[in-house]
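Numbering of residues begins at 1 and proceeds along the displayed sequence.
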Amino acid sequence: MTDAAAIMEASLIAAAESDIDIRQIVFERFFAAFPKTRPSFYNLEAASGRMINETLEAMIGLADEAPWVTTTVVNFVDLHRNYAEIPFEQYAGFVDMSLDALAIAAGDTWSAAAQQAWELAAERLKTLISANI
């Protein structure tokens, strides 16, 4: 595991131990920014956790140079085409909102190193998404 991935994993564990449900934070912000998307979430309870988990998992995978990440991201972008033509701004917003919510949940354990590692991985994920839209 790379140093960045280890730092990210530690902050993810700290966030999980906080008992803050980041799904609420992410989706309140997401629907506020993109209100027209709300009707496309037929089962928000099921989709919200999966979407956030996949997003955070992909970022840790990118930080760890995991070979599966590119195929996984290509697949989830492709699967989202079944719902609508989703503009890059929505994907990027979701990635950023997930990162912001994670930082809130991690609280005082969120370090400058964690912020830097997650931001770099988020930018890499957004670039990968953009290339596959």
Side-chain angles (χ1 to χ4, degrees):
M1 177 174 282
T2 66
D3 289 344
I7 290 167
M8 292 166 71
E9 186 176 277
S11 61
L12 188 60
I13 290 167
E17 290 174 348
S18 75
D19 287 329
I20 294 173
D21 185 355
I22 67 171
R23 294 177 310 155
Q24 295 287 69
I25 299 167
V26 172
F27 279 90
E28 283 177 14
R29 291 177 181 190
F30 185 78
F31 291 142
F34 306 105
K36 292 181 181 180
T37 64
R38 180 63 181 97
S40 63
F41 286 85
Y42 305 117
N43 187 340
L44 181 59
E45 185 69 24
S48 61
R50 185 177 64 247
M51 288 174 61
I52 292 169
N53 288 343
E54 289 172 347
T55 300
L56 298 177
E57 181 179 58
M59 285 192 270
I60 290 175
L62 285 166
D64 205 29
E65 303 296 334
W68 55 265
V69 178
T70 299
T71 301
T72 298
V73 172
V74 168
N75 286 339
F76 74 61
V77 169
D78 190 46
L79 287 171
H80 281 81
R81 287 189 183 102
N82 290 325
Y83 301 104
E85 185 175 324
I86 301 172
F88 174 72
E89 292 73 26
Q90 284 182 20
Y91 283 106
F94 189 84
V95 170
D96 291 339
M97 291 170 199
S98 296
L99 178 56
D100 291 344
L102 183 64
I104 290 167
D108 293 340
T109 66
W110 192 258
S111 65
Q115 182 72 31
Q116 181 180 17
W118 281 102
E119 282 181 354
L120 179 59
E123 290 308 312
R124 291 182 64 200
L125 178 57
K126 290 185 281 188
T127 298
L128 188 54
I129 291 168
S130 178
N132 288 284
I133 291 180

What I'd like to find out is whether the side chain of [X] reaches to under 4.5 Å of the side chain of [Y], using heavy atoms alone.
X: M51; Y: R23; answer: no
X: F94; Y: T37; answer: no
X: L56; Y: W118; answer: yes
X: I129; Y: V73; answer: yes
X: W110; Y: L102; answer: yes
X: Q116; Y: L120; answer: no
X: E85; Y: I133; answer: no

Can you tell me if [X] uses its side chain to pair, donor with acceptor, with the backbone of [Y] under 3.5 Å?
X: D64; Y: A66; result: no
X: S11; Y: M8; result: yes
X: D78; Y: V74; result: no
X: S130; Y: K126; result: no

_Please report the interatomic distance OG1(T72) to CG(L128), rounded to the nearest 0.5 Å._
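Those atoms lie 9.5 Å apart.
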
*Run the salt-bridge test on R50 and E57 with the 4.0 Å N-O cut-off and return the result as yes or no.*
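Salt bridge absent between R50 and E57.
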
*Dump the intermediate steps for side-chain hydrogen bond (donor to acceptor under 3.5 Å, both in side chains) on Q115 and E119, then the final yes or no.*
CA-CA 6 Å; Q115 182 72 31; E119 282 181 354; 2.4 Å; yes

*Which atoms form the tightest heavy-atom contact between A105 and I22, and what is the distance?*
CB-CG2, 3.6 Å

*Search all heavy atoms of V26 against all heavy atoms of S98 and return the closest pair with its distance.*
CG2-CA, 3.7 Å

_Using the rule that Ile, Leu, Val, Met, Phe, Trp and Tyr join whenever any side-chain heavy atoms are under 4.5 Å apart, tell me whether L99 and I25 fall into a single cluster._
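No: no chain of side-chain contacts under 4.5 Å links L99 to I25.
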
